[in-house]
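Just so you know, these numbers come straight off a predicted model, no measurement behind them.
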Amino acid sequence: MRTNLIIFFCALFAFTLTSCSSDDDNNNEPKDALVSFAKTGCKTITSLRSGTGEDDIASILGEESVVYEGTSDNCLFIKHNNVIFSCEATITVSATVEGNVITLKENGTSETNCLCPYDLTIKVGTLSERTYKVVLITEGLERTSFTINYSPKISGKVKIND
């Protein structure tokens, strides 16, 4: 009888443990969604001159923007163009999905007396076909947020205005 009680409680405990885990898309716990991250080196002014004769920084650097594209493996490529960090910065990126919100956080280190534009390429996944709000935070400041209807065929561009 005692053995049967022990077996019963062990089975009940195991059932409780397995029934509490969920990979449901409606789970609102933030989950790490960063698949990959790459960056360009510092784009120098001489490498960016277009020969237009314009000398203001905006015309030399081009606009700050986010370009995004779905992939066949249910991920989203996000390219943040012309984001400004310190020269020689060590840049880190994190990506989480919480419910229907994709949050990207970009941070740089290495304080210097110069600034450089970089292009950051971030792959986020695995996503379901649904509506998501994408929030981009750079150095603790929300740079932009926008809504997408994710599918592997999605693509678009968002300009970031100061």
Side-chain angles (χ1 to χ4, degrees), residues 20-50 54-162:
C20 289
S21 65
S22 172
D23 291 330
D24 185 13
D25 271 346
N26 295 323
N27 184 354
N28 286 332
E29 291 295 316
K31 61 181 177 181
D32 184 21
L34 184 65
V35 175
S36 65
F37 162 65
K39 69 176 181 69
T40 63
C42 176
K43 299 163 137 182
T44 62
I45 298 299
T46 54
S47 70
L48 295 169
R49 289 198 184 258
S50 62
E54 300 288 329
D55 283 334
D56 64 285
I57 296 298
S59 65
I60 294 171
L61 297 180
E63 66 189 8
E64 183 179 1
S65 64
V66 173
V67 178
Y68 58 89
E69 183 176 340
T71 65
S72 61
D73 59 347
N74 294 319
C75 291
L76 185 67
F77 269 119
I78 298 172
K79 185 173 182 186
H80 186 180
N81 294 308
N82 296 317
V83 59
I84 303 295
F85 285 104
S86 298
C87 298
E88 311 262 337
T90 299
I91 299 171
T92 60
V93 171
S94 67
T96 58
V97 176
E98 185 174 356
N100 68 333
V101 178
I102 300 169
T103 304
L104 306 170
K105 293 182 181 178
E106 305 167 337
N107 289 294
T109 60
S110 181
E111 293 297 321
T112 62
N113 60 0
C114 68
L115 298 174
C116 291
Y118 295 86
D119 291 342
L120 308 181
T121 304
I122 305 159
K123 187 176 182 183
V124 177
T126 302
L127 303 176
S128 302
E129 291 194 27
R130 64 189 278 190
T131 301
Y132 289 94
K133 178 180 180 182
V134 179
V135 179
L136 177 64
I137 300 169
T138 304
E139 298 286 4
L141 300 173
E142 184 175 319
R143 297 295 292 142
T144 191
S145 66
F146 54 95
T147 302
I148 62 169
N149 292 314
Y150 178 77
S151 79
K153 296 180 182 180
I154 192 172
S155 65
K157 181 177 181 176
V158 176
K159 293 180 184 178
I160 299 176
N161 300 318
D162 285 323

Inset, instruction - May I have the step-by-step check of side chain to side chain contact (heavy atoms under 4.5 Å, CB included) for Val83 and Ile91, ending in yes or no? - result: CA-CA 11 Å; Val83 59; Ile91 299 171; 6.0 Å; no
Legend entry - Stepwise side chain to side chain contact (heavy atoms under 4.5 Å, CB included) check, Asn82 with Asp119: CA-CA 5 Å; Asn82 296 317; Asp119 291 342; 4.0 Å; yes
Inset, instruction - Determine, stepwise, if the pair Tyr132 / Val124 fulfils side chain to side chain contact (heavy atoms under 4.5 Å, CB included). - result: CA-CA 12 Å; Tyr132 289 94; Val124 177; over 6 Å; no
Inset, instruction - Might you work through the side chain to side chain contact (heavy atoms under 4.5 Å, CB included) test for Val93 and Lys105, ending with a clear yes or no? - result: CA-CA 6 Å; Val93 171; Lys105 293 182 181 178; over 6 Å; no
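Residues meeting the side-chain hydrogen bond (donor to acceptor under 3.5 Å, both in side chains) test with Thr71, sequence neighbours left out: Asp73. Taking the side-chain contact (heavy atoms from CB on, under 4.5 Å) definition, one finds that Thr121 meets it with Phe77, Lys79, sequence neighbours left out. With sequence neighbours excluded, the residues that form a side-chain contact (heavy atoms from CB on, under 4.5 Å) with Ser155 are Glu69. For Cys75, the disulfide bond (SG atoms under 2.5 Å apart) criterion is met by no residue, not counting sequence neighbours. A search for salt bridge (Lys or Arg N to Asp or Glu O under 4.0 Å) contacts involving Lys157 returns Glu63, not counting sequence neighbours. For Thr138, the side-chain hydrogen bond (donor to acceptor under 3.5 Å, both in side chains) partners at least two apart in sequence or on another chain are Glu106. With sequence neighbours excluded, no residue satisfies side-chain contact (heavy atoms from CB on, under 4.5 Å) with Ser72. Scored by the side-chain hydrogen bond (donor to acceptor under 3.5 Å, both in side chains) test, Asn74 finds no partners at all (sequence neighbours excluded).
Using a 4.5 Å heavy-atom cutoff, the side chains of Phe85 and Glu139 are in contact.
The distance from the CG atom of Leu104 to the CG atom of Leu76 is 8.5 Å, given to the nearest 0.5 Å. Distance check, rounded to the nearest 0.5 Å: CG of Leu127 to CG of Asn100 gives 11.5 Å. Summarising the geometry, atom CD1 belonging to Ile84 is positioned 8.0 Å from atom SG belonging to Cys116; distances are rounded to the nearest 0.5 Å. Taken to the nearest 0.5 Å, the CD1 atom of Ile78 stands 6.0 Å off from the CD1 atom of Ile102. Atoms NZ and CD, from Lys133 and Glu98 in turn, are 12.0 Å apart once rounded to the nearest 0.5 Å. Distance check, rounded to the nearest 0.5 Å: CG of Asn81 to NZ of Lys159 gives 12.5 Å.
Evaluation of the ring pair (Phe, Tyr, Trp, His ring centres under 6.0 Å) test over residues 135-161, restricted to residues two or more places apart or in two chains, returns Tyr68-Phe146.
Under the 3.5 Å distance criterion, the side-chain polar atoms of Thr144 are left unmatched by any main-chain donor or acceptor of Ile160.
Heavy-atom contacts from other residues, nucleotides or ligands closer than 6.0 Å to NZ of Lys123 number more than 12.
Pairing each heavy atom of Pro152 with each of Glu129, the nearest pair is CD-OE2, 3.4 Å.
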